[in-house]
*Asks:* 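Sharing a structure, written as structure tokens. Questions coming.
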Amino acid sequence: MREALADDDAATETLQPVVTEVEHDAGLDFVTIMRPDGTRVTHPTDTQVGAHYLGTIPDAPEPLSEEFVGSLGASIRTIVPVLDDDQVVGWVSSGITIRSIDAGLPQRLATVAIVSLFVLLLGLGGAVLARRGIRQLAGDLPASTIRDAVSSRESVRTLSSAMRAQAHEHGNRLRTAVGLLELGRTDEAISILTETAGRQQLLLDIAADGSRLEPAVQALLLGKASAAAERGIEWSIEIDPAAPRSTLTAVDAVSVCGNLIDNALDAAGESEAARWVEVSIMPGADGAVVFAIADSGPGFAPGIEARMFEEGVSSKPADASGRGIGLALVRSIVDAAGGTIEVSKAPTLFTVTLPGRAVQEEGQR
């Protein structure tokens with residue numbers, strides 16, 4: 001483009017075929033190339049070539065977006081500089097007319113309506129999983145030991161916080177999508193809605209494909225995915241459908257998974273670079289199930305690693321939420337079930353191996 005603009009005689013002949021193809025491929029109403037003073041070199045209407053650009057040319061060499069009434073009528077356009085080193089040698093303005101936006105709006109609104117309905121159905125699916133999970137929690141509460149009582153409290157806490165995060169994220173995304181629709185930015189509205197849909201569809205697909213994962217844990221993972229998204233943490237999960245269900249009760253399963261995920265999200269949130277949490281649930285040796293969670297956090301505080309599973313020990317201040325209980329409770333539950341916990345660093349990785357429940361036993365239940 002710089003070479004073409006330097007040729008006073010052949011600039012239009014060289015550039016017009018290119019911008020015409022770009023207009024068609026990108027679905028734009030116009031791509032106008034002009035010289036630094038605003039004299040048009042290309043335009044969809046031949047008679048407008050050589051005339052002055054109708055729109056704002058920035059004082060500084062930087063992009064500018066605006067709505068402006070030009071030769072094709074009212075349009076939304078963006079103008080950017082063409083630079084040769086630090087010198088402006090031209091400008092390019094591309095845009096779409098309001099008339100074109102209005103013409104395509106009914107079809108786009110129909111698409112958004114379909115996507116919104118899909119997201120709503122996914123939300124209802126998550127609610128069903130949560131309801132099943134909470135019913136299991138309530139039905140499995142044994143009052144015989146203090147540990148079980150604490151486990152029940154932790155399960156309700158982490159599951160309810162996950163569901164609140166999911167509801168909050170849904171609300172924020174729907175409100176944002178509505179605002180984008182009002183601004184005519186339909187594609188961005190669809191993108192926001194489908195991002196949530198894709199993330200939740202993963203776990204719902206796993207449930208539909210015969211995974212033996214606890215319904216309460218499925219609901220927990222759906223909610224924690226939303227919590228990660230709200231905190232700007234990249235969330236990835238891998239669940240092997242062949243992984244057996246552990247021998248833990250729903251209460252203890254949610255307590256173990258929830259506490260480890262909460263710790264990982266807190267740690268990843270402190271990372272100054274990449275922020276991510278990775279969860280996997282896989283079959284282990286001899287019919288076991290392996291739950292692993294890694295995070296990008298800064299690692300363990302000095303002096304904590306050797307004592308992290310002791311009650312009252314935490315890298316965070318103790319408060320009403322029970323800091324210093326989580327890992328001690330996780331160790332107690334895993335030990336009672338005959339499982340193991342392994343911890344490694346760089347990155348931080350907790351690996352919990354638990355005895356799996358036999359398929360025949362699941363069928364009897």
Side-chain angles (χ1 to χ4, degrees), residues 118-119 122-123 125-126 129-130 133 158-159 161-170 172-173 191-246 253-284 288-300 326 330 341-354:
F118 183 55
V119 173
L122 286 177
L129 287 176
T158 190
L159 185 56
S161 69
M163 293 303 100
R164 281 197 302 272
Q166 186 181 24
H168 189 253
E169 188 201 19
H170 272 306
N172 283 343
R173 287 185 178 272
S191 176
I192 283 178
L193 293 173
T194 53
E195 180 183 344
T196 301
R199 186 170 60 247
Q200 295 192 343
Q201 187 62 46
L202 172 64
L203 283 175
L204 295 179
D205 285 345
I206 291 170
D209 288 343
S211 168
R212 292 187 289 273
L213 194 63
E214 283 279 3
V217 176
Q218 293 179 22
L220 175 77
L221 294 175
L222 276 172
K224 295 304 181 186
S226 296
E230 282 202 315
R231 298 171 66 173
I233 298 171
E234 181 181 350
W235 170 270
S236 64
I237 183 166
E238 182 179 3
I239 303 177
D240 190 329
R245 182 178 295 186
S246 76
V254 169
S255 188
V256 169
C257 295
N259 271 290
L260 292 178
I261 291 175
D262 285 343
N263 287 346
L265 290 174
D266 287 345
E270 298 175 4
S271 178
E272 296 181 357
R275 302 170 65 180
W276 52 263
V277 169
E278 296 178 351
V279 178
S280 67
I281 302 177
M282 297 290 170
V289 57
V290 179
F291 174 76
I293 177 165
D295 65 72
S296 61
F300 311 114
V330 169
I341 303 178
E342 297 179 3
V343 184
S344 57
K345 298 184 292 186
T348 303
L349 172 65
F350 283 79
T351 304
V352 177
T353 303
L354 292 164

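Atom set for the values below is all heavy atoms of this structure, side chains included, hydrogens, waters and symmetry mates excluded. We count residues from 1, following the sequence as given.
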*Asks:* Residues two or more places apart in sequence or in another chain: which of them pass side chain to side chain contact (heavy atoms under 4.5 Å, CB included) with Ala292?
*Replies:*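 Partners of Ala292 by the side chain to side chain contact (heavy atoms under 4.5 Å, CB included) criterion, ordered by chain and then number, come out as Ser280, Leu349, Thr351.
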*Asks:* Tell me the closest heavy-atom pair linking Pro283 and Ala243, and the distance in Å.
*Replies:*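 Shortest heavy-atom contact: N-CB, 3.8 Å.
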*Asks:* Among Val352, Leu260, Thr353, Val256, find the residue that satisfies the side chain to side chain contact (heavy atoms under 4.5 Å, CB included) test when tested with Ile341.
*Replies:* Val352
*Asks:* On a heavy-atom basis, which atom in Val289 and which in Ser246 lie closest, and how many Å separate them?
*Replies:*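 In this case the closest contact between Val289 and Ser246 is CG1-CB, 3.7 Å.
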*Asks:* What is the minimum heavy-atom distance between Leu220 and Gly258, and which atoms define it?
*Replies:*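 Heavy atoms of Leu220 and Gly258 come nearest at CD2-N, 3.6 Å.
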*Asks:* Can you tell if the side chain of Ile261 reaches within under 4.5 Å of the side chain of Phe291, non-hydrogen atoms only?
*Replies:*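 Ile261 reaches Phe291 side chain to side chain.
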*Asks:* What pair of heavy atoms forms the shortest contact from Gly284 to Val290, and how long is it?
*Replies:*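 Nearest heavy atoms, Gly284 then Val290: CA-CG2, 3.9 Å.
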*Asks:* Do Met282 and Glu238 come within less than 4.5 Å of each other through their side chains, counting heavy atoms only?
*Replies:*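 Counting from C-beta outward, Met282 and Glu238 do come under 4.5 Å.
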*Asks:* Between Phe350 and Asp295, is any pair of side-chain heavy atoms under 4.5 Å apart?
*Replies:* no
*Asks:* What heavy-atom pair brings Ala264 and Ile293 nearest, and what distance separates the two atoms?
*Replies:* CB-CD1, 3.4 Å
*Asks:* At what distance, to the nearest 0.5 angstrom, does CD of Glu270 lie from CZ of Arg275?
*Replies:*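 Spacing of CD (Glu270) from CZ (Arg275) equals 9.5 Å.
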*Asks:* Looking only at heavy atoms, what is the nearest atom pair of Trp276 and Ala268, with distance?
*Replies:*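 Result for this residue pair: O-CB, 3.6 Å.
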*Asks:* So Leu221 and Ile281, do their side chains get closer than 4.5 Å, heavy atoms only?
*Replies:*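 Yes - at least one pair of side-chain heavy atoms lies under 4.5 Å apart.
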